[in-house]
Amino acid sequence: MFAEKVRLLKEKGLFRTIKDRDCFQGTKIKFGGREFVNFSSNDYLGLANHPHLIEKVKKTLDECGYGAGASRLLSGGSRLHRELEERVSQFKETESALAFNSGYAANTGIIPAISDEDMIIFSDELNHASIVDGCRLSRSKTYVYRHRDLSHLEELMKKANHSQKIVVTDTIFSMDGDIAPLRELAELCRSHGAFLYLDEAHSTGVLGEGKGSLSHFDMKPEPWIIQMGTFSKALGSTGAFLAASSDAVEWTLNNARSFIYSTALPACVAAASLGALELVENNRSLVEKLWLNRQKLAEGLLGIGCDIMGSETPIIPIRTGDVENTLRVSAHLLEKSIYAPAIRPPTVKESRIRINITAAHTDEDIQRLVGALEQI
């Protein structure tokens, strides 16, 4: 049975394989001893190998060891977990915060925890798979509204007869690089008495001088706004967080199965995340460099006629047409020592090459990518 299914995937050009690096993660990576310029990483600020994070990890390993041994509710937590949560709540200007093992674990734990059969969820059609699965695991009826379509969302909200509602959205959409219309979403939620759940995975460390989408839109956290974010992208570490009111955090701590039944993150990982937050808060040049590189690359791509599909952020998709052509473009880039894998269904409806620019990329890296795309 599985052999036939795999054969069909290969026939359709949708079969995936794993490529394992020979080296650490960065803008230059090696496969089979050959070096490539890496445009596939979410390490937006280039912090994954930053000396400050590495030193934090080394010191904590000596003090606390590695494995946590148990969940936080048993004996797995450390003072560093608590320090990290306090730092996140300050960073996000919320009453409280809670650390999770990954963004996927956060969304599939938080969304079912804060919703029930008396609530209706309204979810953007391009939300990340972890949000989709979180909605499926909840006991709530879920309506999917057209991507960033406020009229459609309002129409669905007016029809809903449940007293409790929650709008769930990515703030930067991971495959499209556009930004959710946060002001308008917040106004709709305010007028309909709904909660607003923000997935800040690709916004933390990127938007609003690094603080995220609310800062980007000059908005303040409200008790009815719930934020999820990750340490594993721009912050160069591992794990995720919930930032919200104390009541929402305490309820989630007691009800999110992915939190309750998971062994805690190692203390040294919490230390790395703390170090990353320190760098983002104290060094604005990191975020500024990211956006400068984004501007250079976007202008270069548009200059050679690439369709960047409405990207507004360091995530820059390039429209390539069908699966076959997308694979052809990715293979051409690989020949030019550029790593930018093809993104295909079911991850997206329309195949593309997704470019992630970072603060660590050089002008030479950008020029090499633009030149290789111009050739093809």
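- By the ring pair (Phe, Tyr, Trp, His ring centres under 6.0 Å) test, F39 is found to be paired with H361, residues two or more places apart in sequence or in another chain being considered.
- Between the side chains of H216 and S213, no donor-acceptor pair of N or O atoms lies under 3.5 Å.
- Put simply, NE2 on H147 and CG on L126 are 4.5 Å apart, with the number rounded to the nearest 0.5 Å.
- For the ring pair (Phe, Tyr, Trp, His ring centres under 6.0 Å) test, residues two or more places apart in sequence or in another chain that qualify with F31 are F36, Y339.
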Donor-acceptor pairs are to be reported for all side-chain atoms of residues 258-270 against protein atoms at under 3.5 Å, with residues two or more places apart or in another chain.
{"unit_1": "S258", "atom_1": "OG", "unit_2": "A105", "atom_2": "O", "d": "2.5"}
{"unit_1": "S262", "atom_1": "OG", "unit_2": "S258", "atom_2": "O", "d": "2.6"}

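- Atom OG of S351 is separated from atom CD1 of I318 by 13.5 Å, given to the nearest 0.5 angstrom.
- Shown here for V144 and L156, the closest heavy-atom pair between the two residues is O-CD1, 3.9 Å.
- A donor-acceptor pair shorter than 3.5 Å cannot be found between the side chains of H128 and Y104.
- Note that CG of L301 and CG of L373 are 6.5 Å apart. Values are rounded to the nearest 0.5 Å.
- Here the straight-line distance linking atom CG of D199 with atom CZ of F173 works out to 9.0 Å at 0.5 Å rounding.
- Side chains of N107 and D133: no donor on one and acceptor on the other come within 3.5 Å.
- With rounding to the nearest 0.5 Å, the separation of NZ in K211 from OG in S203 is 14.5 Å.
- Judged purely by distance below 3.5 Å, without hydrogens or angles, the side chains of Q295 and E299 pair a donor atom with an acceptor atom.
- Scanning for side chain to side chain contact (heavy atoms under 4.5 Å, CB included) contacts around K349 gives E125, with sequence neighbours left out.
- The salt bridge (Lys or Arg N to Asp or Glu O under 4.0 Å) check on D247 picks up nothing, with sequence neighbours excluded.
- A salt bridge does not link E324 with R328: none of the charged nitrogens is closer than 4.0 Å to a carboxylate oxygen.
- Nearest approach of R72 to G77, heavy atoms of both residues: CD-CA, 3.5 Å.
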Donor-acceptor contacts, no H, no angles, side chain residues 50-58, under 3.5 Å, sequence neighbours left out:
{"unit_1": "H50", "atom_1": "ND1", "unit_2": "H52", "atom_2": "N", "d": "3.0"}
{"unit_1": "H52", "atom_1": "NE2", "unit_2": "E278", "atom_2": "OE1", "d": "2.8"}
{"unit_1": "K56", "atom_1": "NZ", "unit_2": "E278", "atom_2": "OE2", "d": "3.3"}

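- In this structure, a donor-acceptor pair under 3.5 Å is present between the side chains of T171 and E200.
- Proximity of a side-chain donor or acceptor of H152 to a complementary backbone N or O of R146 within less than 3.5 Å is detected.
- Once rounded to the nearest 0.5 Å, the distance linking CD of E35 with OG of S337 reads 8.0 Å.
- The two residues T238 and N101 make their nearest non-hydrogen contact at CG2-O, 4.2 Å.
- Atom CZ of R183 is surrounded by more than 12 heavy atoms from other residues, nucleotides or ligands within 6.0 Å.
- Looking at K28 and D365, a side-chain N of the basic residue comes within less than 4.0 Å of a carboxylate O on the acidic one, giving a salt bridge.
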